[in-house]
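Structure record follows, encoded as structure tokens.
Just follow the structure's listing: the first ligand is 1, and inside any ligand the first atom is 1.
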Amino acid sequence: MPDERPGVVSNPTLVMGVVNVTPDSFSDGGRWFDAEAAIAHGLELVADGADILDVGGESTRPGAARVEPDEELRRVVPVIRELAGRGIRVSVDTMRAATAQAAVEAGAEIINDVSAGLADAAMGSIAAETGAQYVAMHWRGHSDRMDSLAEYHDVAAEVRDELAQRVDALVAAGVVPEKLILDPGLGFAKRGEQNWQLLGRLDVLAELGLPMLVGASRKRFLGAMLPAEASVADRDLPTAVVSVLSAQAGAWGVRVHDVQATRRALDVLGAWQSGRRG
Ligand code: PMM
């Protein structure tokens with residue numbers, strides 16, 4: 001959608017707002033569990049400047065247990081139907097092919113799979129069948145054990161190479177490369193310094209020639225920079241700064257909880273870049 005705000009030169013990086021329909025997400029305390037509240041929250045994020053809403057029914061916070069498939073569907077489908085029905089571009093945050101399929105039927109345009117097809121062998125063929133865009137995030141295992149999988153020699157190169165293998169598998173399953181978006185998976189089997197190494201070397205992931213999504217929002221590695229008494233919301237300022245730096249590094253999109261802060265920060269970047277063009 002072209003930006004029609006007078007005087008604002010928008011940066012092309014897309015802002016994906018997080019709509020967690022979960023009772024246990026670390027970042028919003030499950031306040032949006034109820035479908036109606038989730039829809040209202042999604043509409044607020046759009047008013048704040050979100051280009052895409054990412055609707056998820058399963059928390060992937062470190063240590064989280066899995067949600068039953070039926071419960072995940074029950075959480076996300078009504079929210080997606082309502083938001084997509086209002087003309088909003090929606091993605092579904094799921095590792096399950098059946099949920100992805102139902103979400104696309106309900107109007108989702110993007111499948112955001114944090115496991116890049118590793119958690120559900122049917123995901124590639126379902127993604128291909130639906131024709132949806134597909135976010136393939138770097139992932140090494142489920143949340144209950146991912147902290148033990150953060151061993152790398154060169155994290156940027158290994159994430160690139162492991163994602164390249166996922167791209168090959170997804171394309172072999174029928175997904176069109178033009179539909180793919182890659183995500184380094186910050187915090188997923190990565191320790192603090194490894195997240196910074198990935199962010200500082202986004203050019204390595206860019207070598208695969210596909211659009212990149214960055215999801216740093218409110219994650220532990222940002223909290224680690226703040227005083228011990230800082231709240232989760234205090235991570236929104238560092239998140240917005242990461243959004244700007246990711247946009248400068250060429251990111252297609254940033255996935256955030258506080259859309260307003262990131263939108264304002266990207267507007268500053270847009271103005272800065274327009275100043276450079278004279
Ligand atoms: N992070 C979370 C969930 N989904 N999806 C993508 N593509 N990238 C991410 O970094 C990502 C994600 C975990 O954060 P949340 O529970 O606060 O949503």
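- Within the 4.5 Å cutoff, side-chain heavy atoms of V167 are placed close to those of L182.
- Here is the list of ligand 1 atoms found below 4.0 Å of a heavy atom in V114: 4 (N), 5 (N), 12 (C).
- Within ligand 1, counting atoms from 1 as listed, the ones closer than 4.0 Å to a heavy atom of N112 are 5 (N), 6 (C), 7 (N).
- Of the residues listed (L198, V114, V159, D183), the one engaging H138 in a side-chain contact (heavy atoms from CB on, under 4.5 Å) is V159, and it is the only one.
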>> Show, in sequence, the C-alpha distance, side-chain angles and deciding distance for E162 and R166, and conclude whether the salt bridge (Lys or Arg N to Asp or Glu O under 4.0 Å) test is met.
In response: CA-CA 7 Å; E162 288 171 32; R166 297 313 307 148; over 6 Å; no
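- You'll find the side chain of T60 reaches within 4.5 Å of the side chain of M95, heavy atoms only.
- With a 4.0 Å cut-off on non-hydrogen atoms, D54 does not touch ligand 1 at all.
- Salt-bridge annotation for R81 and E105: absent, with no side-chain N of the basic residue lying under 4.0 Å from a carboxylate O of the acidic one.
- For N20, every heavy-atom contact with ligand 1 shorter than 4.0 Å involves the side chain, none the backbone.
- Shown in contact with V135 at under 4.0 Å from a heavy atom are these atoms of ligand 1, numbered in order with element: 7 (N).
- In the candidate list H257, M137, R255, M16, R255 is nearest to atom 3 (C) of ligand 1, counting heavy atoms.
- Numbered from 1 in the order shown, with element, the atoms of ligand 1 that lie under 4.0 Å from a heavy atom of D183 read 6 (C), 7 (N), 8 (N), 9 (C).
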